[in-house]
*Asks:* 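Sharing a structure, written as structure tokens. Questions coming.
Every value quoted in this text rests on a predicted model; they were computed, and no experiment measured them. Chain A is the first sequence line, chain B the second, and so forth, proteins listed ahead of strands; every chain is numbered from 1.
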Amino acid sequence: MSPLVTVERLKRRADFLSVAAARRKYVTPGFVLQAHRREQISSAGPARVGFTATRKIGNAVIRNRARRRLKAAADEVMPGAAAAGFDYVVIARAGTIARPYAALVADMQTAVSALAPKANVAK
RNA sequence: CCAGACGGCCGGAUGACCGCGCUUCGUCGCAAGACGGGGUGAGGAAAGUCCGGGCUCCACGGAAACGAGGGUGCCGGGUAACGCCCGGCGGGGGCGACCCCAGGGACAGUGCAACAGAAAGCAAACCGCCAUCGGGCUUCGGCCCGGCGGUAAGGGUGAAAGGGUGCGGUAAGAGCGCACCGCGCCCCCGGUAACGGGGGUGGCAUGGCAAACCCCACCCGGAGCAAGACCAAAUAGGGGCGGCACGCCGGCUUUCGGGCCGGCACGCUGGUUUCCGGGCCGCCGCCCGGGUCGGUCGCGCGAGACGCCCGGUAACGGGCGUCCUAGAGGAAUGGUCAUCCUCCGCCCGCAAGGGCGGGGACAGAACCCGGCUUACAGGCCGUCUGGCAUU
RNA sequence: UGGGGCGUCGCCAAGCGGUAAGGCAGCGGAUUUUGAUUCCGCCAUCCGGAGGUUCGAAUCCUCCCGCCCCAG
């Protein structure tokens with residue numbers, strides 16, 4: 001797998017929108033992962049991860065807990081799996097709360113590798 | 001023991017490992033930062049945003065008042081203030097403890113009341129009842145028809161029909177008279193007051209709805225921490241200063257520095273060169289202020305928390321002592337597990353109890369405070385009421 | 001943070017103090033050889049929920065619930 005990649009946090013609304021516009025996603029019972037390569041000079045640079053929890057999945061307590069669990073899973077997986085120069089958005093689903101944490105981590109692993117750049121062939 | 005009423009309180013506990021926000025210390029490093037240690041870290045509703053304030057800016061200004069709009073509405077008190085709280089009063093409900101009530105004004109005015117009903121607001125005669133007049137009939141008791149009048153006691157309609165019940169009275173009736181109750185007015189007494197009690201008097205007039213318009217009394221300037229204050233990058237543009245540059249010919253103009261127009265030449269740019277066409281034009285450096293991204297402050301010592309004492313029926317107030325207790329900004333508490341507590345289900349056991357499995361609510365500070373409202377597993381404490389049993 | 005709007009039958013909706021129009025859909029019937037069309041009839045009383053005012057509330061008042069929109 002890739003060497004350790006520094007992971008930063010995605011914060012701006014515009015960044016979230018551009019990731020969503022890329023239309024690359026992977027759905028698991030616990031969350032939806034979106035990925036998008038930044039238009040950047042070089043392919044280097046940190047990977048960035050953002051989190052989304054909508055009002056549809058519950059009240060403030062539910063949304064916060066869902067985001068925290070996803071954040072914990074991402075902190076565990078992303079440094080070893082994420083591709084440099086990519087932006088990721090993790091969207092919480094109704095199943096985020098009930099899903100066991102180990103399964104969440106495994107899902108994160110497969111989701112990230114499924115969205116990995118195809119050997120950097122497609123530029 | 002059962003059923004119930006009211007008030008107050010808690011909101012799982014302890015620990016291990018890997019992580020999180022803020023803060024502090026140490027080591028390393030030129031620095032950015034890295035590593036390690038310590039401290040601290042959500043609620044009774046943090047929620048809904050329904051009221052009241054603090055704070056900040058804006059507007060107006062002697063304080064304010066009037067008007068518009070909105071709100072509040074028995075009385076007294078508490079409070080920074082309130083639509084909140086406490087204590088009373090009145091009305092309603094409950095055997096009771098106790099609970100509920102937007103509870104000013106309907107002789108200032110305007111309005112509303114479907115359907116039903118004779119009539120719904122200066123009252124009114126449909127059926128009845130009564131008296132009387134005329135006519136007819138008669139078994140001489142009366143009956144029928146019509147006219148004029150009396151009558152709100154009866155029937156019927158309605159949510160509501162102009163006091164209620166009883167006795168007297170009358171042709172039948174009627175506050176027509178009387179007693180009691182209700183109501184209005186006056187006086188006295190108690191109470192700060194709302195109001196209560198008593199007496200007298202009137203003879204029923206003044207029906208209901210103001211969560212209909214409205215009237216009266218009182219209260220409210222507007223916006224909101226994305227308030228507001230400060231620092232301030234890159235780029236573009238504005239202003240100022242300095243340096244360099246500002247060709248040739250002709251015309252016009254001049255404040256004699258220069259400026260404008262035309263032609264030629266030159267630089268950059270587009271089309272393949274020649275050549276042609278369009279466009280751009282002072283350049284550089286320094287400084288100044290405005291404003292955007294971003295950053296910092298505002299930002300937690302406060303109508304503060306806890307304890308004791310005093311005043312007050314209480315809400316609450318006063319005094320003394322102790323304490324400092326979240327502060328983020330895509331927003332901090334997550335993951336795994338153990339023991340205990342507690343609830344549910346199943347199993348074992350006469351029982352005490354034990355085993356296995358599952359669950360522990362509502363919900364997350366976003367400037368702060370006082371209320372209200374709403375959500376909430378389970379549990380604890382106190383006071384009181386009505387039963388049953390025992391003494 | 002501030003402001004605005006809407007909840008009425010399965011769907012779209014009128015009504016804003018006097019006892020819930022209308023259309024579509026559905027169901028039953030008639031017409032027709034059958035179907036379509038057409039016609040007739042049926043279909044909310046718990047008007048988002050709970051209290052209150054009134055003789056009477058979908059309508060007025062208070063408090064909740066849900067949804068949508070706007071400004072910064």
*Asks:* Find the distance between OH (A:Tyr26) and CG (A:Leu33) and round it off to the nearest 0.5 Å.
*Replies:* 10.0 Å
*Asks:* Return the nucleotide paired to B:C356: Watson-Crick means purine N1 to pyrimidine N3 with N6-O4 or O6-N4, wobble means G-U with N1-O2 and O6-N3, both under 3.5 Å.
*Replies:*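 When the pairing criteria are applied, B:G345 turns out to be the nucleotide that pairs with B:C356.
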*Asks:* Grab the NZ-C1' distance between A:Lys71 and B:C18 for me, whole Å please.
*Replies:*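 It works out to 15 Å between those atoms.
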*Asks:* To the nearest Å, give me how far apart CG (A:Leu70) and C1' (B:G334) are.
*Replies:*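 These atoms are roughly 11 Å apart.
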*Asks:* What's the CZ-P distance between A:Arg65 and B:A331, to the nearest Å?
*Replies:*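 Result: 18 Å.
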*Asks:* Would a distance-only check, ignoring hydrogens and angles, find a side-chain to backbone donor-acceptor pair under 3.5 Å from A:Thr96 to A:Gly30?
*Replies:*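 Such a contact is found between A:Thr96 side chain and A:Gly30 backbone.
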*Asks:* Taking only the P atom of each, what is the distance from B:A332 to B:G379 in whole angstrom?
*Replies:*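 Looking at atom P only, B:A332 and B:G379 are 34 Å apart.
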*Asks:* Main chain of A:Ile62, side chain of A:Asn59: is a donor-acceptor contact present, judged purely on distance under 3.5 Å?
*Replies:*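 Yes, because the side chain of A:Asn59 sits within donor-acceptor range (under 3.5 Å) of the backbone of A:Ile62.
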*Asks:* Determine which nucleotide pairs with B:C137, using a 3.5 Å limit on both distances of a Watson-Crick or G-U wobble pair.
*Replies:*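 Its partner is B:G142 (Watson-Crick or G-U wobble, both distances under 3.5 Å).
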*Asks:* Map A:Arg69 and A:Thr52 onto RNA chain B by nearest heavy atom, then report which one ends up closer to the 5' terminus.
*Replies:* A:Thr52
*Asks:* State whether the side chain of A:Arg69 and the backbone N or O of A:Pro100 hold a donor-acceptor pair below 3.5 Å, judged by distance alone.
*Replies:* no
*Asks:* For B:C185, give its Watson-Crick or G-U wobble partner with both distances under 3.5 Å, or none.
*Replies:* B:G200
*Asks:* Could you give the distance separating C:C9 and C:C27 at their C1' atoms, to the nearest angstrom?
*Replies:*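 Here C:C27 and C:C9 have their C1' atoms 14 Å from each other.
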*Asks:* Distance check, C1' atoms only: C:G51 and B:A211, in whole angstrom units.
*Replies:*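 Taking atom C1' in both C:G51 and B:A211, they lie 13 Å apart.
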*Asks:* Can you check the A:Arg63 CZ to B:G334 P distance for me, whole Å?
*Replies:*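 Answer to the nearest Å: 16 Å.
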*Asks:* Write down the distance separating the C1' atoms in B:A227 and B:C55, rounded off to the nearest Å.
*Replies:*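 To the nearest whole Å, 9 Å.
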*Asks:* Paired with B:U374 by Watson-Crick or G-U wobble geometry, both distances under 3.5 Å: which nucleotide is it?
*Replies:*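 B:U374 is unpaired by these criteria.
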*Asks:* Whole-Å distance between B:G335 C1' and A:Leu104 CG?
*Replies:*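 About 10 Å, once rounded to whole Å.
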*Asks:* Rounded to the Å, how far apart are A:Tyr101 OH and B:C20 P?
*Replies:*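 Roughly 12 Å, once rounded to whole Å.
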*Asks:* P atom, C:C46 versus C:A58: distance in rounded Å?
*Replies:*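 Roughly 10 Å separates the two P atoms.
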*Asks:* Please give, in whole Å, the distance from B:U333 C1' to A:Arg67 CZ?
*Replies:* 12 Å
*Asks:* Is C:A57 paired to anything, Watson-Crick or G-U wobble with both distances less than 3.5 Å, and if yes, which nucleotide?
*Replies:* none
*Asks:* Does B:G44 fall in syn (glycosidic angle within 90° of 0) or anti?
*Replies:* syn
*Asks:* In terms of base orientation, is B:G321 syn or anti, with the syn window spanning 90° either side of 0?
*Replies:*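 Because its glycosidic torsion lies more than 90° from 0, B:G321 adopts the anti conformation.
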*Asks:* Say we look at B:G69 and C:G56: how far apart would their P atoms be, to the nearest angstrom?
*Replies:* 32 Å
*Asks:* Write down the partner of B:G175 under the Watson-Crick or G-U wobble criteria, each distance required to be under 3.5 Å.
*Replies:* none
*Asks:* Can you check the A:Arg68 CZ to B:G330 P distance for me, whole Å?
*Replies:*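 In whole Å, B:G330 P and A:Arg68 CZ are 16 Å from each other.
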*Asks:* What distance, rounded to whole Å, do you find between the two C1' atoms, one in B:C343 and one in B:G11?
*Replies:*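 Result for the C1' pair: 15 Å, nearest Å.
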*Asks:* Does the structure show a Watson-Crick or G-U wobble partner for B:G250, both distances under 3.5 Å? Name it, or say none.
*Replies:*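 In the structure as shown, B:G250 has B:C261 as its Watson-Crick or wobble partner.
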*Asks:* Can a side chain N or O of A:Asn59 be found less than 4.0 Å away from OP1 or OP2 on B:A47?
*Replies:* no
*Asks:* When the P atoms of B:A210 and B:G104 are considered, how many whole Å apart are they?
*Replies:*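 Result for the P pair: 9 Å, nearest Å.
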*Asks:* Where the side chain of A:Tyr88 meets the backbone of A:Val112, is there a donor-acceptor pair that is under 3.5 Å apart?
*Replies:* no
*Asks:* Going by purine N1 to pyrimidine N3 plus the second Watson-Crick contact, or the G-U wobble pair, all under 3.5 Å, which nucleotide sits opposite C:C24?
*Replies:*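 The answer is C:G10, by the H-bond criterion.
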*Asks:* Taking syn as within 90° of 0 and anti otherwise, name the glycosidic form of B:G300.
*Replies:*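 Syn, since the glycosidic angle lies within 90° of 0.
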*Asks:* Just label B:U373 as syn or anti from its O4'-C1'-N9-C4 or O4'-C1'-N1-C2 angle, using within 90° of 0 for syn.
*Replies:* anti
*Asks:* Using modelled atom types and a 3.5 Å cut-off, is there a donor and acceptor pairing between side-chain atoms of A:Arg93 and backbone atoms of A:Val32?
*Replies:*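 Side chain of A:Arg93 to backbone of A:Val32, a donor-acceptor pair under 3.5 Å: no, none is there.
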*Asks:* Between A:Asn64 and B:G364, is there a side-chain N or O to OP1/OP2 distance below 4.0 Å?
*Replies:* no
*Asks:* When you compare the side chain of A:Gln34 with that of A:Leu115, does any pair of heavy atoms fall below 4.5 Å?
*Replies:*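 The answer is no; the side chains never approach within 4.5 Å.
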*Asks:* Syn or anti: how is B:A179 classified when any glycosidic angle within 90° of 0 counts as syn?
*Replies:*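 That one's anti.
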*Asks:* For A:Phe51 and A:Pro100, find the nucleotide of RNA chain B closest to each by heavy atoms; which residue's nucleotide sits nearer the 5' end?
*Replies:* A:Phe51
